[in-house]
Visitor: 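Starting off with a structure, shown below.
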Amino acid sequence: MANESKAADNGAATDSEQYLTFMLAGEEYGVDILRVQEIKGWDKVTRIPRTPEYVLGVINLRGSVVPILDLRSRFGLDKIVFGPTTVIIVVKVAGRRGERTVGMVVDAVSDVYNVPVGASKPPPDVCGSIDTVFVKALATIADKLVILLDIDRLIDNSIIEEPLSGAAAA
Amino acid sequence: MTLDIEMAEIAKVFFQESREGLDAMESGLLSLGATADAESINTIFRAAHSIKGGAATFGFAEVAAFTHGVETLLDEMRNGIRPVTAEAIQTLLQACDCMRDMIAATEAEQPLDQTRIGLLNADIRQILGDPPEAVQAPAPVAPAAPAAPAAGWRIVFDPVPDLLRLRNEPTRMFHELALLGSLAACADVSRLPPLEALDPEVCYLKWDINLLGQIPRKKIEEIFDWVDPGCRLEIVALGEPVPATPAAAASPVLTIPTQSPAAAPAPAADTLRGAARADAVPKPAEAGSIRVATQKLDSIINLVGELLITQSMLSGFAEGTGPGEPDLLRKGLQQLARNTRELQESVMRIRMLPISFAFNRFPRLVHDLSRKLGKKVEIKLVGENTELDKTVLEKISDPLVHLVRNSLDHGLESPEQRVAAGKSDTGTLELAAFHEGGNIIIEVRDDGAGLNKPRILRKARERGLIAEDQDLTDEQIDNLIFMPGFSTAEQVSDVSGRGVGMDVVRRNIHDLGGAVQIMSREGQGSTVRIRLPLTLAILDGQLVRVGREIYIISLLAIVETIQVAADRVNTLAGRTEVFRLRNEFLPVVKLYEHFGIEPDSTSVAEGLLVVVEADGKRVGVLVDDLLSQQQVVIKSLESNFKPVLGIAGATILGDGKVALIIDVPDLIRSVASGRRTNSVRAA
């Protein structure tokens, strides 16, 4: 359903959607490219106290204060030392409390794919390591499986959480 | 097309100027109460005249016509033909209100409240000794009386619920009525059920219609001829005593513009509209613009000029002159720093407005309220030119209204009581604003009875706000009134004592980063003192370091910073550490523990204690080091994230890094409530 509405947004120009994909612990994930504002190298953040572990902190993005989430930690994957390919994907998402700009730390940026409408399948109930509520669909591109994320939901759920309960959950 | 847009722009200026003119008229009228000199009447007259002229130019005929009546009355007063009576002033004040609403309605392109305009016009004409025709005309009393022409009719139409099913269409009837004369209809929506229970085929409305013009009664009756006899229909000539004036109706009343077919009363559609706007006339949208004195702009232009000179001097220095004297460079940089600071101050000053914008409504409020309460009150405004931030100004108005109402209702006594207490029968209410150490102080003072301390204490004990045996100083007792759930009003009046309490006032002021305090002397009056920051956008901050993290504490909250020897630190109940500062024991708040930071040292003796104060409570915040003091621009953490306990916001430091601003009141509250933190993560 989400696919159909998205395709309508893109208009008649294409009947496929573009996804930016990135790597996380050997798996490839995709986010709607229209949500992506920019990609920037990893830089030091200012930690925010009393937040879940996956909230790394905030950075100054041209004058606005933008929170940075660690997606590995958010999905409960093993921690790694941030290397030269580690990047922050800055996305603009619509949440329950309005629009937000948020950065996500991922292992590396991979590619931009056109995913034809209908080529993606709804996720099975169990989907690898991450909670299926954040998965919009699965797509097979060049014999690879790409997990397409419902980024609005993912970010919204990650941020709106009780200030004190998050640490234990993460 | 362009002309239209230009006209709209100019009209906007007219609306703004008219409001200013009305403010001037109002304050002039209020001062007339005391002295009726020709000059003040002249001022009022001139304001009215400008509004009339402007309204006529822009084609707002109704505003112009109404203002003309007001102007005529003022003109006669000015020439001494008409005496300046309290009654006339009251009518003129009401006319001001009406004009303000008319202008708001015109601006919002909403229909005008014809009933009210008609009534006020009649009042004015009566004062002018030129009674409106409605009063003169032999008004037919009995329904059977022959239809004599009247100036207008008031029609109350209360149809049966089946009206629509019986194929009667009120819209059409109103259209027919509108053809006879100028029509204003008020729909009474009080019988409307909630939307889910609404049956679109049932007529829930009843109407109160004013029809102006020389119309024979028969014509009106003809229109309603076809309506079911079960409907209640009253047709009364205007000017006759009517059962209840529309204005007095307590039920939600909705004005429907019958002139325009689009807004014709289709019952279901109007349900929604009625719910959407309860007020007949919508408030004019809060102006997103700000009027800036030319002087302020000029000073900014001057400063930018200076900045450019400094910049060219510095760049010239960098380009050619080689090693040069470092002194010159230092001097240039100093100048740059000064220019930047001055420019910042000037730009911030644009947002500053004199507090008279908030104060000016009070003479009227006090005038109306004291009449209602039967008290004699004189209002004094002091320091109206004190400037403060526009946002603060907008948000402080409501708490001030509440405080003034409270003073009038509970503080000041009736004339008899005052005389009995040996005071003059007229009470004084003083509103004062002034600067004090980087803050704005606003005081609301009255010379009334003061707070009744025994009653406050009794009430606080009754409500369990304080323990039975708790000893309190006078000041502490007075400030109990700011506790939630506290109201000593023996009876709820419609002025105060219900709904919002003083705790709401205090919370509003706290939200602005300010504080409020009350001082009172039995029999001599009380003073409420509000302390507010000059601006909300910028904060004077002290940078502190804990481990490798930097936080900012507002300088306003900091009392002092000290180093404490180990022997002055005690542990209470095995966990809370306190230290002695002169004669006081203050708890230690360990920031590293609170925020889960790895500090240089966990020992109180090795760090520094920043003593901070909020809500009259003090604590010592343990930090590793003090860094510089600087002005920081407050950025919201919520816009992209969410509010975080203990953090008031964020800012960007000189090196581009984000630093968090500590929410001192929250930190102190967390100590008071014994809230422990997620310090686990630090370990």
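Convention: sequence-line order gives letters A, B, ...; per-chain numbering from 1.
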Visitor: Which atoms form the tightest heavy-atom contact between I661(B) and A650(B), and what is the distance?
Guide: CD1-O, 3.8 Å
Visitor: Check each atom of T651(B) against the heavy atoms of chain A and say whether the ones under 4.5 Å are side chain, backbone, both or neither.
Guide: neither
Visitor: Does Y29(A) reach the side chain of T21(A), with side-chain heavy atoms less than 4.5 Å apart?
Guide: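 Result no, sub-4.5 Å side-chain heavy-atom pair not found.
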Visitor: Does the side chain of V36(A) come within less than 4.5 Å of I89(A)'s, by heavy atoms?
Guide: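 They are in contact (side-chain heavy atoms under 4.5 Å apart), so the answer is yes.
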Visitor: Tell me whether D655(B) at atom CG has more than 12 heavy atoms from other residues, nucleotides or ligands lying less than 6.0 Å away.
Guide: yes
Visitor: Checking V58(A) against chain B: side chain, backbone, both or neither under 4.5 Å from a heavy atom?
Guide: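 Both parts, heavy atoms under 4.5 Å.
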Visitor: Based on non-hydrogen pairs under 4.5 Å, which of V658(B), N640(B), L637(B) is most in contact with chain A?
Guide: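 Of the candidates given, the most pairs with chain A belong to N640(B).
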